[in-house]
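Have a look at the structure below before the remarks.
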Amino acid sequence: MGDGDIILGNGPSSGSSSSVPYGYYRHGATYDDYYGNFISAMPNKGVYRESKRFWETNYKEVVGYWVPDASSDQREKVVSYLRQQMGEPYDWSSSKTNYDEWYCTKLPYVGYKVKASIDIDSNGGYWVTPDNIADDEQTHLFMRSEG
């Protein structure tokens with residue numbers, strides 16, 4: 001994974017159903033190369049860091065996407081912007097254009113939209129789901145891991 005790469009997970013790693021009402025993938029995050037972990041958002045945590053171990057233990061399938069049209073400078077700016085959101089509140093119901101509340105895949109979407117002028121939402125809807133990022137023409141799959 002490199003700066004600004006996006007990880008998506010389908011899970012859980014074992015037990016219950018992996019389906020969610022908004023698509024195949026359940027969760028997403030953006031890789032921060034400097035810290036070697038991921039920036040994401042979760043209920044009761046807000047915007048926070050997730051370890052690689054979190055992804056290994058919580059999802060039965062993990063995929064990595066990158067945005068090839070973004071330069072390394074733009075990817076660094078995306079991650080820097082996301083770092084500034086640390087501690088901000090989580091709210092799945094907030095629109096993707098509200099930059100005061102966050103959910104997991106809204107973070108990479110807004111980061112790329114604001115800092116690289118690249119829209120990674122495949123359907124242009126009110127929210128941006130993990131599947132919207134996976135299905136977008138601006139993102140490209142580079143990794144798949146199944147546990």
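These figures come from a predicted structure and were not determined experimentally. Residue numbers start at 1 and run along the sequence shown.
Annotation: the span from Y109 atom OH to I118 atom CD1 amounts to 12.0 Å, rounded to 0.5 Å. Interatomic distance, C104 SG to I7 CD1, rounded to the nearest 0.5 Å: 11.5 Å. Here Y126 contributes atom OH and S94 contributes atom OG; the two are 7.0 Å apart, rounded to the nearest 0.5 Å. Rounding to the nearest 0.5 Å gives a distance of 11.5 Å between CD1 of I6 and NE2 of H140. If you take OG1 on T105 and CH2 on W127, they are separated by 12.0 Å, rounding to the nearest 0.5 Å. The CG atom of D3 lies 6.0 Å from the CG atom of D32; values are rounded to the nearest 0.5 Å.
The shortest distance between side-chain heavy atoms of T139 and W66 does not fall below 4.5 Å. When side chains are defined from C-beta on, M143 counts as touching M1, because their heavy atoms get closer than 4.5 Å.
Side-chain atoms of D136 never come within 3.5 Å of backbone atoms of I133 as a donor-acceptor pair (strictly under, hydrogens ignored). Side-chain atoms of Y112 come within 3.5 Å of backbone N or O of G4 as a donor-acceptor pair.
The two atoms that bring W55 and L8 nearest to each other are CZ3-C, 3.7 Å, heavy atoms only. Shown here for I120 and Q138, the closest heavy-atom pair between the two residues is CG2-CB, 4.0 Å. Shown here for A116 and Q74, the closest heavy-atom pair between the two residues is O-NE2, 3.5 Å. In terms of heavy-atom proximity, Y31 sits nearest to V79 at O-CG2, 3.5 Å. Residues V47 and Q85 approach most closely at CB-O, 3.3 Å, considering heavy atoms.
For residues 62-80, the set of pairs meeting the salt bridge (Lys or Arg N to Asp or Glu O under 4.0 Å) definition, not counting sequence neighbours, comprises D73-K77. Evaluation of the side chain to side chain donor-acceptor pair (under 3.5 Å) test over residues 114-125, restricted to residues two or more places apart or in two chains, returns K96-D121.
For the residue pair N132 / T129, a side-chain donor-acceptor distance below 3.5 Å is found, with atom types taken as modelled. If you check the side chains of E61 and Y24, you find a donor sitting under 3.5 Å from an acceptor. At a cut-off of 3.5 Å, with distance as the only test, a side-chain donor of E50 or Y48 sits close to an acceptor on the other residue.
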For residues 35-45, which side-chain donor-acceptor pairs fall under 3.5 Å, sequence neighbours excluded?
unit_1	atom_1	unit_2	atom_2	d
N37	OD1	R49	NH1	2.9
S40	OG	H27	NE2	3.2
S40	OG	G28	O	2.8

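Enclosure of atom CD in Q84 by more than 12 non-hydrogen atoms of other residues, nucleotides or ligands within 6.0 angstrom is indicated.
Taking the centre and axis of the six-membered ring of W102, the NZ or CZ atom of K106 falls inside the cone set by 45° and 6.0 Å.
Proximity of the aromatic rings of Y103 and W92 is defined here by a centroid distance below 6.0 angstrom, and this criterion is met.
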